[in-house]
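In what follows, a single structure is set out as structure tokens and then discussed.
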There are 2 protein chains.
Amino acid sequence: MLMSHYIDIMKKAGVKFTRPRKLVLDALQAAKQPLSIKEIHKRVRNKADLASVYRTVNLFQDLGIVREVQFGEGYQRYELIGEGQHHHYVLCIECGKLEDIDICLLDRVEKMTNFKILSHSMEFQGLCHSCAG
Amino acid sequence: MLMSHYIDIMKKAGVKFTRPRKLVLDALQAAKQPLSIKEIHKRVRNKADLASVYRTVNLFQDLGIVREVQFGEGYQRYELIGEGQHHHYVLCIECGKLEDIDICLLDRVEKMTNFKILSHSMEFQGLCHSCAG
DNA sequence: TTCTAATTGCAAATGGTTTGCATTGCTTGT
DNA sequence: ACAAGCAATGCAAACCATTTGCAATTAGAA
Ligand SMILES: [Mn+2]
Ligand SMILES: [Mn+2]
Ligand SMILES: [Zn+2]
Ligand SMILES: [Zn+2]
């Protein structure tokens, strides 16, 4: 996704496109896995404060730029959402291997329940083929 | 699920069936929704310490007696698992309405990914029909 | 460039969860 | 019934992710 896309979203929302926000965006774009706050902060050390990373990620969530991914590690992870897309994962708790599963039940659940779904999580944890032995 | 079922599990695991553990079990059995630690503790006040509630719930998780439910509230919820069963939910963030969705992708994901899945979360948050307007 | 509200950095606070340790309570063997 | 040994508890302190107050800085409109 182009940087200009996210700048547009912020402009439309009437918030400033600041240095910390660009840095967090860069970090998330460079990553190929959902990042924790600590990981984002590490990729941005001495450029943006930890509190700013938190505030930025929360803002991005409100703006629909990032999505929270729950791996049950005791903290959250975040990934960019590109044009209405997002992923769901299966994680090996032994070796950390992460696989994308191409399923999303959003539409099905909206129809089935008559809810307007605003967010959802659907993540699996277990042992990959190698680690299961 | 019968209390004896859970007692058996604890016996097999070689852990004691103590008063706090019975209290937490009772609270979870009486509940018709996943409970937070705070809610369990409230239902058990002056009978079991908060730390014991935490320790008990963690033990029950290890024993496969309870399952963590993630509603993204900033803390965890727990529900009893009866004989290989568990639920997935859609939650209205406005009025708190909770609906059970009768879908589980465990088997499908295990086959698709060749992982041995040990835990998973699949919860949806949004607005129910009344609250969406 | 100037001006001002939005944003940041830093430090302190918060809140859920875990942990250390002395005490209590089972359980087993005598 | 008693004692010994180990497990589990209560209480307080620690931990750690996240939030917040506030003074200083900065984006971006005028
Ligand atoms: Mn989805
Ligand atoms: Mn399931
Ligand atoms: Zn693995
Ligand atoms: Zn509702």
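In the text below, chain A, chain B and the rest are named by the order of the sequence lines, each starting its count at 1.
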note: B:Asp49, atom CG; C:dT23, atom P; distance rounded to Å ~ 17 Å
Contact span of DNA chain D against chain A, any nucleotide atom under 4.0 Å from a heavy atom, 5' to 3', runs D:dA17 to D:dG28
Closest non-hydrogen atoms of A:Tyr89 and A:Ile101, given as atom of the first, atom of the second and distance, are N-CG1, 4.2 Å
For A:Glu73, the side-chain contact (heavy atoms from CB on, under 4.5 Å) test, sequence neighbours excluded, returns A:Phe71, A:Tyr75, A:Arg77
Can you give me every donor-acceptor pair (side chain of residues 20-36 of chain B, partner residue at least two apart or in another chain, under 3.5 Å) with its distance?
residue	atom	partner	partner atom	Å
B:Arg21	NH1	B:Lys16	O	2.7
B:Lys22	NZ	B:Asp26	OD1	3.2
B:Lys22	NZ	B:Asp26	OD2	2.7
B:Gln29	NE2	B:Met1	O	2.7
B:Lys32	NZ	B:Ala30	O	2.9
B:Ser36	OG	B:Glu39	N	3.1

What residues 69-78 of chain B contributes to the DNA chain C interface at heavy-atom separation below 4.0 Å is B:Gly74, B:Tyr75, B:Gln76
Across all chains, not counting sequence neighbours, the ring-ring contact (aromatic ring centres under 6.0 Å, His included) partners of A:Phe60 are none
Taking only distance into account, with no hydrogens and no angle test, what donor-acceptor pairs under 3.5 Å do side-chain atoms of residues 111-118 of chain A form with protein atoms, sequence neighbours excluded?
residue	atom	partner	partner atom	Å
A:Thr113	OG1	A:Val109	O	2.7
A:Thr113	OG1	A:Phe115	N	3.2
A:Asn114	ND2	B:His129	ND1	3.2

Result for 5'-nearest mapping on DNA chain D, choosing between A:Ala51 and A:Phe17, is A:Ala51
The side-chain contact (heavy atoms from CB on, under 4.5 Å) partners of B:Lys11 (sequence neighbours excluded) come to none
### Query
With respect to the phosphate group of C:dT8, does any side-chain polar atom (N or O) of A:Thr18 fall under 4.0 Å of OP1 or OP2?
yes
(message) With a 3.5 Å distance limit and no angle check, can you tell me whether B:Glu79 reaches the backbone of B:His87 through a side-chain donor-acceptor pair?
(response) yes
Whole-Å distance, B:Arg21 CZ to C:dC26 C1', equals 11 Å
When rounded to whole Å, the CG to P distance for the pair B:Leu50 and C:dG16 reads 10 Å
To the nearest angstrom, the NZ-P distance between B:Lys16 and C:dC26 comes to 8 Å
Side-chain contact, heavy-atom cut-off 4.5 Å: A:Tyr6 with A:Leu63? no
Quick note, salt bridge (Lys or Arg N to Asp or Glu O under 4.0 Å) partners involving residues 53-64 of chain A, not counting sequence neighbours, are none
Shortest non-hydrogen pair, B:Ile103 vs B:Met122, comes out as O-CE, 3.3 Å
What residues 52-64 of chain A contributes to the DNA chain C interface at heavy-atom separation below 4.0 Å is A:Ser52, A:Arg55
Practice prompt. Remember a base hit wins even if backbone is also touched, and classify A:Lys11 as base, sugar-phosphate or nothing at under 4.0 Å, heavy atoms.
Written response: nothing
ask   = Do the ring centers of B:His88 and A:His120 come within less than 6.0 Å of each other?
value = no
So the salt bridge (Lys or Arg N to Asp or Glu O under 4.0 Å) pairs with at least one residue in residues 117-133 of chain B (sequence neighbours excluded) are B:Arg67-B:Glu123
Here the distance between atom P of C:dC26 and atom CZ of B:Arg19, to the nearest Å, is 10 Å
| query | For B:Lys38 and C:dG16, is the shortest distance between a side-chain N/O and OP1 or OP2 below 4.0 Å? | reply | yes
Residues pairing under salt bridge (Lys or Arg N to Asp or Glu O under 4.0 Å) where one sits in residues 92-106 of chain B, two or more places apart or in two chains, turn out to be B:Lys97-B:Glu99
task = Quick one: label A:Lys22 by what it contacts on the DNA or RNA (base, sugar-phosphate, nothing), any heavy atom closer than 4.0 Å.
result = nothing
Computed from five pairs at either end and rounded to 10 degrees, the angle between the axes of the helix from C:dT1-D:dA30 to C:dT30-D:dA1 is 30°
- Under 4.5 Å between any side-chain heavy atoms of A:Glu110 and B:Phe124, yes or no? no
